[in-house]
Amino acid sequence: MSTLGIYGSATLPPLIRRDTMKEQITSLFEAVLDQLMARGQLTEDARRPVHVEATRDPAHGDFATNVALLHAKALGLAPRQLAEQLVNQLPNHPQIAGVEIAGPGFINIRLKADALVQPIKDCLTQGSGYGRGESTGRRVQVEYVSANPTGPLHVGHGRGAAYGATLSNLLSAAGHTVETEYYVNDAGRQMSILGASVYIRYLEALGHPLQFPLGGYQGAYIQDLAAELIHTHGESLERPIASLTSQLVADGEETKDAHIDSWIQAIKHALGEDWRVPFDLALTRIQDDIRDDLGEFGVTFSQWFSEASLVSSGAIADALATLEAGGHLYQHKGALWFRSTAYGDDKDRVVQRDNGEYTYFASDIAYIANKFSRGYDELIYVWGADHHGYITRVKAAASALGYDPDRLTIRLVQFAILYRGGERVQMSTRSGSFVTLRELREEVGVDACRYFYVMRKADQHLDFDLDLATSQSKDNPVYYIQYAHARICRVLEGLQDQPSFDLTRGLTHLASIEGQEVLDIAQQIGQFKETLGRAADSLEPHLLCYYLQELAASFHRWYNGTRLLVDDLAQRDARLTVAQAVRQVLANGLSLLGVSAPEAM
RNA sequence: GCGCCUGUAGCUCAACCGGAUAGAGCAACGGCCUUCUAAGCCGUAGGUUGCAGGUUCGAUUCCUGCCAGGCGUGCCA
């Protein structure tokens, strides 16, 4: 395994254990179910997990559960009758004001006033650690981006990068130990084409009139690399043109693959060991560029893993030997095949071609074995949607190697479609006119990029509206959320000319604040942790975006009708306490998204 | 053909492993700044959750079949 670069992950704030009200209520009902089981009234298979939810309608109290509805049939009771029995057995809790049975058998729980604002106290006590889960002890690896180092990242990679980074942050916040990895495809045919492209441009730059291959890399950066090659090696890599071009297959739409392959053969033959020079230069420069690009995008990796290291270390041969031993391989038409159909694949897959070269899939198999050998509990792959067809074979490989395929999760990210002025921005890799991630960042900024990329479910196409992303209005969700944060900071600045803020005084008088708005805010703040947990479990960071937007909306609503810096210091500090809690949650959430939380706008 | 994904307000999307009256934003219309940021807020209107069945006390959610759209289906990477 070769480590091409190691980047430390951000230091995480210490974990502070504190169960939310919802978790406490859930425990109470679980305890009641335990009693029913102990008495033999409820059987193991009939038992369902307790589900408590915050109510939407205040008439239903603050929390509600459907336990009675779920267990009524198994216990042979009417739901409301069971609900009554459960409520009678419910242990006392100092912050529960009342319990009611409603509708078909829901149990509604109403909290005391001071309990309602408990999340605000918790939030200010825990600060930047608020929302983080207790350590689960699970080691999770997230592999993402992993774009071929053959050119700059484009906007499609950007979405994978934003998604993977945010997902990793969320998994970490949910208490998992997370490592992130970029798989560098530094072996294989595409890399050879890259090296050849650079070398052909090099020859051109030295004055040889050549027809650049249709199948070569067209971007201007190839010429830049060729220029650098001249700078570092002068004409020392030049070879007689005739020896290079005499055996070339004719170029054309139909034959461009054969044409570029014949170039590669010719160059390797003519240059010998020196073939590595243009190849390595291109690889190093482009990979450095990608790393810088991602770094500026706020995306870093625990590790960069080299595909070539799998070849040189013999890992591919080892992995194939494992499959061979298990009877999963067979020879056919001179090639070596993996019997993936045994695990539900449409057809078997070649792992070693008739010319002796390993296929890309062979590297993938070795990489899977390598990952599992590192002892992760769960492996997450983030792929572009065009890799859809590979899921089955990769899972098949995991199974055939003897690993549990359920520990391997593949998440597809659909491409983003850019819109400018209501028109779709055309992108084409072939013509080299694709929009790079760097261009996108420069146009709309990192904050809007990171947010827009993850604001929709990853497996859905994303309409990325460039005009909206750069607009400074409430229509732009990034600005809307950041604005709420900045507004709070500005109010806190206003304290400078006033008697100093007293947190204890604020907390003491929290319950005396009038208005439903504060209760809504407190309830939402109390849901932050479970929102993070849900987003992490379902691998859906967009849930955090919606949450933050709603929290910001609640704050704006309250702020608009309530002055915070009032003369009554008890009221003033109570309100500022709420505002500070909102600010804290917004900051924590934005941080997970990789979006800044500005103090002024 | 086969496989996977998606159909929710005019548009872009939510809806917490099946819950109480399906929610936001945009677009439309009407209001709110001598007061901490109007980059904001309030209000009105907008729905047979693609269609038809099934399971359930209860279905946007689960199952089946249709309809429509997207993607995938190489000894490519």
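Per chain, numbering begins at 1; letters A, B, ... match sequence-line order.
- In this structure, Asn355(A) places its CG atom where more than 12 heavy-atom neighbours from other residues, nucleotides or ligands lie under 6.0 Å away.
- Closest to the side chain of Pro49(A), from the set rU21(B), rC17(B), rC75(B), is rC17(B).
- The nearest whole Å value for the distance from the CD atom in Glu599(A) to the C1' atom in rU37(B) is 15 Å.
- rA28(B) sits 10 Å from rG46(B) when the C1' atoms are compared, rounded to a whole Å.
- At a threshold of 4.0 angstrom between heavy atoms, the contacts of Arg490(A) include nucleobase atoms, whether or not backbone atoms are also involved.
- You'll find a donor-acceptor pair under 3.5 Å spanning the side chain of Arg534(A) and the base of rC16(B), going by distance alone.
- Side-chain proximity of Trp337(A) to rC75(B), rU37(B), rG19(B): nearest is rC75(B).
- Contact annotation for Asp57(A): base contact, defined as any heavy-atom pair under 4.0 Å involving a base atom.
- Annotated as anti: rC57(B), whose O4'-C1'-N torsion sits more than 90° from 0.
- Pairing for rU64(B) goes to rA52(B), judged as Watson-Crick or G-U wobble with the two contacts each under 3.5 Å.
- Across all strands shown, rU73(B) forms a Watson-Crick or G-U wobble pair, both distances under 3.5 Å, with rG1(B).
- Remark: Gln460(A) CD is packed, more than 12 non-hydrogen atoms of other residues, nucleotides or ligands lying under 6.0 Å away.
- Residue contacts shown for Asn108(A) include a base, since a base heavy atom lies under 4.0 Å away.
- Set against rC36(B), rU37(B), rC17(B), the side chain of His51(A) has rC17(B) as its closest nucleotide.
- Stacking is not found between Phe106(A) and the pyrimidine-like six-membered ring of the rG19(B) base under the 5.5 Å centre-distance and 30° plane-angle cut-offs.
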Next item on the list: Determine, step by step, whether Tyr343(A) and Lys395(A) satisfy the side chain to side chain contact (heavy atoms under 4.5 Å, CB included) criterion, reporting the C-alpha distance in whole Å, the side-chain angles of both residues, the deciding distance to 0.1 Å, and the verdict.
Entry: CA-CA 8 Å; Tyr343(A) 298 94; Lys395(A) 290 219 165 206; over 6 Å; no
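- Contact annotation for Glu530(A): base contact, defined as any heavy-atom pair under 4.0 Å involving a base atom.
- The nucleotide whose nearest atom lies closest to any side-chain atom of Asp354(A) is, among rG19(B), rG74(B), rC75(B), rC75(B).
- Comparing rG58(B) with rG1(B), their C1' atoms are spaced 40 Å from each other, to the whole Å.
- Between His259(A) and Trp263(A), the ring planes lie perpendicular to each other; the angle is over 60°, past the 30° to 60° tilted range.
- Residue Lys73(A) has its side chain nearest to rC57(B) when only rC57(B), rA14(B), rA20(B) are considered.
- If you take atom C1' in rA59(B) and the same atom in rU8(B), they sit 14 Å apart, rounded to whole Å.
- Nucleotide rA59(B) holds its C1' atom 14 Å from the CG atom of Asn66(A), rounded to whole Å.
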Next item on the list: Test Leu329(A) against Glu324(A) for side chain to side chain contact (heavy atoms under 4.5 Å, CB included), laying out the working first.
Entry: CA-CA 5 Å; Leu329(A) 301 182; Glu324(A) 177 70 53; 3.8 Å; yes
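- The pairing partner recorded for rC36(B) is none, the criterion being a Watson-Crick or G-U wobble arrangement whose two distances lie under 3.5 angstrom.
- Counting non-hydrogen atoms under 4.0 angstrom, Lys347(A) reaches the backbone sugars and phosphates but no base.
- Residues Tyr483(A) and Tyr479(A) place their aromatic rings such that the two centres sit no closer than 6.0 Å.
- Looking at heavy-atom distances under 4.0 Å, Ala64(A) makes contact with a base.
- For rG3(B), the base has no donor-acceptor partner in the side chain of Asp346(A) [N/O atoms by modelled type, under 3.5 angstrom].
- Here rA20(B) is the nucleotide among rA20(B), rA39(B), rA38(B) with the atom lying nearest to any side-chain atom of Arg56(A).
- Residue contacts shown for Leu468(A) are absent, as no nucleic acid heavy atom lies under 4.0 Å away.
- Note: CD (Gln524(A)) to C1' (rC16(B)) measures 14 Å, nearest angstrom.
- Separating the P atom of rU49(B) from that of rA20(B) is a span of 15 Å, rounded to the nearest Å.
- Taking only side-chain atoms of Arg557(A), from C-beta outward, the nucleotide of rC42(B), rG72(B), rU56(B) with the closest atom is rC42(B).
- Classified by interplanar angle (parallel below 30°, tilted 30° to 60°, perpendicular above 60°), the ring pair Phe338(A)/Phe361(A) is tilted.
- Across all strands shown, rG43(B) pairs with rC29(B); the Watson-Crick or G-U wobble distances both stay below 3.5 Å.
- Closest approach to the His388(A) side chain among rG3(B), rA20(B), rC36(B) is made by rG3(B) (side chain taken as heavy atoms from C-beta onward).
- If you take CD1 of Ile101(A) and C1' of rG19(B), they are 17 Å apart, rounded to a whole angstrom.
- Aromatic pair Tyr163(A)/Tyr453(A): centroids not less than 6.0 angstrom apart.
- Rounded to whole Å, atom C1' of rU12(B) lies 12 Å from atom CD of Gln549(A).
- Taking atom P in both rG7(B) and rC11(B), one finds a spacing of 14 Å when rounded to whole Å.
- Only the C1' atoms considered, rG3(B) is 23 Å distant from rU61(B), to the nearest whole Å.
- Residue Ala600(A) is in base contact, counting any heavy-atom pair closer than 4.0 Å across all strands shown.
- Within 4.0 Å of Thr562(A), counting heavy atoms only, lies at least one base atom of the nucleic acid.
- Annotation for Gly103(A) and Arg80(A): closest pair O-NH1, 2.6 Å, computed over non-hydrogen atoms.
- As judged by a 4.0 angstrom heavy-atom cut-off over every strand, Ala72(A) is placed among residues making no nucleic acid contact.
- A gap of 29 Å separates the C1' atoms of rA27(B) and rC51(B), to the nearest Å.
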Margin query: Does Ile286(A) form a side chain to side chain contact (heavy atoms under 4.5 Å, CB included) with Thr150(A)? I'd like the steps, not just the answer.
Written below: CA-CA 7 Å; Ile286(A) 292 175; Thr150(A) 53; 5.5 Å; no
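- Nucleotide rG74(B) holds its P atom 17 Å from the CD atom of Gln190(A), rounded to whole Å.
- rC5(B) atom P lies 12 Å from atom CD of Gln414(A), rounded to whole Å.
- Protein atom CZ of Arg393(A) is 13 Å distant from nucleotide atom P of rG72(B), rounded to whole Å.
- Among the protein residues, His387(A) comes within range of the nucleic acid bases, having at least one heavy atom under 4.0 Å from a base atom.
- Taking the P atom of each, rC5(B) and rC41(B) are spaced 38 Å apart, rounded to whole Å.
- Counting any heavy atom pair closer than 4.0 Å across all strands shown, Arg563(A) reaches a base atom.
- Stacking of the aromatic ring of His461(A) onto the base of rG70(B) is not found under the criterion of centres within 5.5 Å and planes under 30°.
- Of the candidates rC41(B), rG19(B), rC75(B), rC41(B) carries the atom nearest the His556(A) side chain, counting heavy atoms from C-beta on.
- As the counterpart of rC57(B), rG19(B) is assigned, both hydrogen-bonding distances of the Watson-Crick or G-U wobble pattern falling under 3.5 Å.
- Distances were taken from every side-chain heavy atom of Leu565(A) (C-beta onward) to each of rC16(B), rU37(B), rC36(B); the shortest belongs to rC36(B).
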